[in-house]
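Residue numbering restarts at 1 for every chain, and letters A, B, ... go by the order of the sequence lines.
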Amino acid sequence: MTVTVLLFASYADALGEASLELDLAEDATVADVLAEVSRRPGAASLPPAPLIAVNQRYAARTARLRSGDEVALIPPVAGG
Amino acid sequence: MTVTVLLFASYADALGEASLELDLAEDATVADVLAEVSRRPGAASLPPAPLIAVNQRYAARTARLRSGDEVALIPPVAGG
Amino acid sequence: MSGAVQLVRDPIDPAALMARVARPAHGALILFLGVVRDVNDGRGVTGIEYSAYEGMAARELESIADEAVVRFVGADVAIEHRLGYLTLEDVSVGIAVAHAHRDEAYAASRWIIEEIKRRVPIWKREHYVDGSREWVDPSGAVSAELAQ
Amino acid sequence: MSGAVQLVRDPIDPAALMARVARPAHGALILFLGVVRDVNDGRGVTGIEYSAYEGMAARELESIADEAVVRFVGADVAIEHRLGYLTLEDVSVGIAVAHAHRDEAYAASRWIIEEIKRRVPIWKREHYVDGSREWVDPSGAVSAELAQ
């Protein structure tokens with residue numbers, strides 16, 4: 001299955017991209033996405049356990065994914 | 001000596017006046033003003049120990065007065 | 001702090017109040033507005049008449065503003081309290097506080113409105129839908145304290 | 001609460017924000033403004049670039065407004081957060097809260113700004129007087145909590 005990974009702010013700068021398409025096994029979880037992303041150039045400067053949202057809701061690393069999901073890596077928020 | 005007594009809001013309504021001139025002994029205190037005022041018609045509805053200001057500052061009942069002082073009886077405040 | 005505090009008879013302008021505290025060093029600005037509302041203690045209100053011991057009220061408001069900038073170092077403060085007859089949704093008091101940080105801005109704003117209600121000689125007479133009117137007495141309990 | 005909350009690119013209008021929460025039942029109205037200030041952590045700031053995960057940020061802001069009116073019963077709430085490049089003294093976030101009573105109005109206002117800073121996916125990159133710029137990281141400590 002395929003998921004879209006969104007990167008923002010310092011994370012987008014680190015990887016040089018704002019989004020990625022990943023091909024994953026059918027039973028993939030958020031943790032698998034993080035493992036995939038950590039192999040990309042520039043990923044060394046990301047924290048080991050970044051905050052994650054799946055389809056615009058905060059999600060745990062164990063969350064199961066479905067094809068077409070939008071997985072976002074959320075840098076420390078700084079609104080206000 | 002002479003002092004001016006100011007009445008406001010419900011106190012002015014009770015006594016039917018917004019100010020009084022009182023003649024007092026030279027060593028008079030705030031308590032003497034209150035005793036004087038309590039003899040006026042309508043004073044029965046005033047509390048026994050109303051809040052007092054002398055020359056626009058809150059003052060105790062024992063405060064000594066000087067001629068020309070402005071003594072105000074302050075009903076419960078309700079600003080804001 | 002003179003000029004930061006005023007008793008007014010015309011409507012309070014929130015934007016003007018805020019402009020008086022804005023500075024490039026401030027990261028947080030809080031405006032508190034007290035507003036005439038349609039019900040108090042279960043009775044329908046049509047308006048409120050505000051009166052004051054004006055000289056002393058102005059002095060107490062200034063002393064509150066002065067104390068605020070000592071207690072909450074770095075704050076800028078502007079206060080206006082309106083007098084006269086106000087109808088529903090009219091603003092009776094406006095307090096603008098700005099500070100580098102929001103913690104201090106919130107604390108100062110809250111402290112100022114509580115002090116106003118505690119010690120500024122302003123009174124209100126509520127006018128009710130049934131045509132009656134009454135002086136509001138939030139509590140006589142503070143009297144002893146203010147006279148020490 | 002749709003319509004009560006917006007991500008905007010144009011300047012925030014505090015008066016319009018307050019008008020959205022005014023009702024005859026409200027006795028207290030509090031406006032909080034977050035403002036770009038000239039110094040942060042000792043460094044001279046010239047401006048801040050705000051960006052967001054827009055869909056999720058809008059959703060989180062709406063959920064904060066919805067939760068606020070449940071937690072603080074009787075409150076009306078309006079929130080705007082600005083995105084894009086802001087210069088000194090520009091307003092980045094405006095929160096208007098009105099309630100019958102000031103206790104609840106202050107509490108709701110404070111709760112809302114803390115929730116925004118805790119969980120709305122908005123980021124800022126500060127631009128400094130020396131020409132450099134940096135993403136602001138208030139703390140990574142909330143991460144574990146939000147992911148449960």
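Looking at heavy atoms from C-beta onward, I30(D) lies in side-chain contact with I30(C) at the 4.5 angstrom threshold.
When the side-chain hydrogen bond (donor to acceptor under 3.5 Å, both in side chains) test is applied to W111(D), no partner is found at least two apart in sequence or on another chain.
The contact list for residues 121-132 of chain C toward chain D, using heavy atoms and a distance under 4.5 Å, is empty. Chain D is approached within less than 4.5 Å, heavy atom to heavy atom, by R37(C), D38(C) from residues 37-51 of chain C, ordered by number. Contacts between residues 98-109 of chain C and chain D, counted as heavy-atom pairs separated by less than 4.5 Å, involve A100(C), H101(C), R102(C), D103(C), Y106(C), S109(C).
The line from CG of L31(C) to CG of L29(D) is 7.5 Å long, rounded to the nearest 0.5 Å.
Only the side chain of P14(C) comes within less than 4.5 Å of a heavy atom in chain D; its backbone stays farther off. For A15(C), no part sits under 4.5 Å from any heavy atom of chain D, backbone or side chain. Heavy atoms closer than 4.5 Å to chain D are found in the side chain of I113(C), but not in its backbone.
Pairing each heavy atom of V35(C) with each of H26(D), the nearest pair is CB-O, 3.7 Å.
Taking G94(D), A96(D), A28(D) one by one and counting their heavy-atom pairs under 4.5 Å with chain C, the maximum is reached by A28(D). By number of non-hydrogen pairs under 4.5 angstrom with chain C, the leading residue of S92(D), A22(D), P24(D) is P24(D).
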